[in-house]
Each structure stands twice: as C-alpha cells, then as structure tokens.
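Before any comments, here is the structure.
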Amino acid sequence: MPELPEVEVTRRGLEPHLAGRRIAGAVIRNGRLRHPIPNDLGATLAGQRVKSVARRGKYLLLECETGWLILHLGMSGSLRVLPAAAPAEKHDHFDLVLEDGHCLRLRDPRRFGAVVWATGDVFAHPLLAGLGVEPLDEAFDGKLLHALTRKRQAAIKQVLMDGKLVVGVGNIYANEALFRAGIDPRTPARKLGPKRCARLAHTVRETLEQSIAAGGSTLRDFVDPSGNPGYFPQQYFVYGREGQPCRVCGTAIRAIRQGQRSTFYCPKCQS
DNA sequence: CGCCAGGCCTGCACGC
DNA sequence: TGCGTGCAGGCCTGGC
C-alpha cells in the first residue's frame, strides 16, 4: 500500500533511469487495471523521450514529448527498472520499454493501479484536477488546514484522508500524524482550532518527510526501483498496534473503525 | 471457507 | 436550485 512517501521514493529512484531516455514501446500483459490500458499505448509512446519524472499526490507523472504517462500504484503496485528481457512474473502487467535495453516494469497483484496517457495540461486531467494541496508544499500549514476544515463536521481522520483537501495522506500516516499531534481521530474537523491545526499540519509533514528519508516504510508490497525490498523497519506509534502499549505513556492502543477503515489511537495521549 | 487489507472512484441521500 | 458533504459499495488478490 504505497502512500506518498513510497511514491516519492519511487520517483527519486526512477528519475535517473528514465529522465532523458528514449522509449522503444510498451508491453501490455494485462491492461485491465483501474482504467483499461489502451492497446495502442506502445505505438503512442514509441520514439518519445522522457523529459522528467514528477509526482502529484500519489500519481507519478512521466513527462514525454507529446504528453504525460500517468502512473498510479494503487494498493499493491510497485515499479522497477529491469533488463527488458527479464522474464515477467505473474502480476507484471505492464512494461515501458526503453531504447537502452531496460524497461520500467509495473507489478500490481490487486490491479488497483493505473497507467493513463494524457495530452495537454496534465494537471487539468480528470484524475488530477480535483486534488488538494501537497502536504510537503510550503502552502500546507496550520492556517490552510484550519481554513479547509471549517465546514467539515466529519471526523478529522477521515477529513485528513480526503484527497480533495490534502493529497497523499493515507490510512497509516493519518493515524501516525494524529498521534503525534495528540488529537483524537474522532474529533469533528471543524472543532479544531488554529493551534491544533498548526500542530497537525506540522506532524503530517514531519511524518511524511521522515518516512521519505527512511526510504519508504515497511510495506509488504513495496519494492524499490532497484529491486531491493523496501523494508525499512519503521516504528509506528499506533498503526497496527492494537492492544500494545503506547510508546509514550504505556496505555493500550485502541482500534476502531471509521468509514470502513481501521483507526488506531492512544486514548490517553490523544484526547 | 470467509474475512481483511485499503486508494480512489462512483452513486446516492441529505441539508442548507 | 445546486452544490458541498458524508456515506457506502465496488474494484482485486494474497494472506490468515
């Protein structure tokens, strides 16, 4: 389940392998992802140079000469750069083949990912147009978070995960950031004052940045672009720790369901 | 066997 | 009215 840090680590890993390279074509082994991969994508891409590797939220954006290849890893996707001749395994659905003999290979067992070709202003594309602020952007601060949450009666945890407000904060980091900010995840978003919004904006950023610095978190399905498993044993404060002692106060971590998602929190530290 | 994981889209109901 | 909001369902497979 790649979240923003994993996508950013992937982006940084891919950039030196892709930027400036020319595309030979594509191999579509199974195009039935979140959006069907068009059969003629290889023909569209062939001969184009990759100009840059960017990111918006959890979308990776390969800027090509006549458009953009938008990639999403869904919950179980991973990207690696391999020799183009390397044998494909079961869930290797898509290759972007480079002229230098390598390929960018997408593996995605659950097929929640996406490979989409877009022309024109990529940020106006339907997949990207409605996305909220980048949490690592300077614009994301307590003031903005406060303004964005004034009309939101829903629990702050669910609002924090709403990509129309702020992108890239999935379940794990929402839980972790709320713990670090000392905020009960069930608190109606609009009840948070400027002070708690400032604290939360800070911990969201801090949590994401630390995870990026660690090279991605310890996620089963994540493999970094060079092929090394992305296992950086990361200590979560609350995520997945139901019943275990809070690392700060020792109180047993609680698990509840919010909007069909698991929420973990410390009933003492987050009140 | 059945359930769970979960990002993100869609569709629906509701209220101002 | 129309929009913002909130909620639930669906997609999919591996692991327990």
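No experiment lies behind these values; they were computed from the predicted model shown.
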Just the rounded figure in Å: distance from [atom2] of [N] to [atom1] of [X].
X	N	atom1	atom2	answer
A:E89	C:dT13	CD	C1'	16 Å
A:E6	B:dG7	CD	C1'	13 Å
A:L73	C:dC12	CG	C1'	15 Å
A:D162	C:dA8	CG	P	16 Å
A:R257	C:dC7	CZ	P	14 Å
A:L128	B:dC8	CG	P	11 Å
A:H35	B:dG7	NE2	C1'	11 Å
A:K58	B:dC8	NZ	P	5 Å

Between C:dC11 and A:F112, is there a base-stacking contact, meaning the centre of the base's six-membered ring lies under 5.5 Å from the residue's ring centre while the planes stay under 30° apart?
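One would call A:F112 stacked on the C:dC11 base.
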
Examine [N]: is either OP1 or OP2 under 4.0 Å from a nitrogen or oxygen in the side chain of [X]? Give yes or no.
X	N	result
A:R110	C:dC11	no
A:S262	B:dA5	yes
A:H72	B:dC9	no
A:R34	B:dC9	yes

From [options], nucleotide with atom closest to [X] side chain:
X	options	value
A:Y59	B:dC8, C:dC11, C:dA8	B:dC8
A:E3	C:dG14, B:dG7, C:dG9	B:dG7
A:Q158	C:dC7, C:dC12, B:dC8	C:dC7

Open item on the list: Base, sugar-phosphate or nothing for A:R111? Non-hydrogen atoms, less than 4.0 Å.
Closed with: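 Sugar-phosphate contact only.
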
Check this for me: does any side-chain nitrogen of one of [X] and [Y] sit under 4.0 Å from a carboxylate oxygen of the other?
X	Y	value
A:K58	A:E6	no
A:D100	A:R22	no
A:D184	A:R186	yes

field: Residue closer to the 5' end of DNA chain B, A:K164 versus A:M161 (nearest nucleotide)
entry: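 The 5'-side residue here is A:M161.
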
Worksheet item: What residue pairs, at least two apart or across chains, pass side chain to side chain donor-acceptor pair (under 3.5 Å) with a residue in residues 113-133 of chain A?
Response: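 Qualifying pairs, neighbours excluded: none.
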
Is the number of heavy atoms from other residues, nucleotides or ligands within 6.0 Å of CZ (A:R32) greater than 12?
->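 Counting other residues, nucleotides and ligands, CZ of A:R32 stays at 12 neighbours or fewer.
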
Self-check item: Strand contacts (DNA chain C) in residues 142-154 of chain A, 4.0 angstrom heavy-atom criterion
Solution: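 Of all residues in residues 142-154 of chain A, the ones placing a heavy atom under 4.0 Å from DNA chain C are A:K151, A:R152, A:Q153, A:A154.
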
**Study point:** Closest-nucleotide 5' rank along DNA chain C - winner of A:A155 and A:K90
**Key:**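 Closer to the 5' end of DNA chain C: A:A155.
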
Can you list, pair by pair, the side-chain donor-acceptor contacts under 3.5 Å of residues 60-74 of chain A, counting residues two or more places apart and other chains?
{"unit_1": "A:E63", "atom_1": "OE1", "unit_2": "A:S52", "atom_2": "OG", "d": "2.7"}
{"unit_1": "A:E65", "atom_1": "OE1", "unit_2": "A:R49", "atom_2": "N", "d": "3.0"}
{"unit_1": "A:T66", "atom_1": "OG1", "unit_2": "A:Q48", "atom_2": "OE1", "d": "3.3"}
{"unit_1": "A:T66", "atom_1": "OG1", "unit_2": "A:Q48", "atom_2": "NE2", "d": "2.8"}
{"unit_1": "A:H72", "atom_1": "ND1", "unit_2": "A:G74", "atom_2": "N", "d": "2.8"}

Please determine whether residues A:L104 and A:L98 belong to a single hydrophobic cluster, defined as Ile, Leu, Val, Met, Phe, Trp and Tyr linked transitively by side-chain heavy-atom distances below 4.5 Å.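 Same hydrophobic cluster.
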
Margin query: Would the distance check show the side chain of A:R152 and the main-chain N or O of A:L148 forming a donor-acceptor pair, the cut-off being under 3.5 Å?
Written below: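 No: the side chain of A:R152 does not pair with the backbone of A:L148.
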
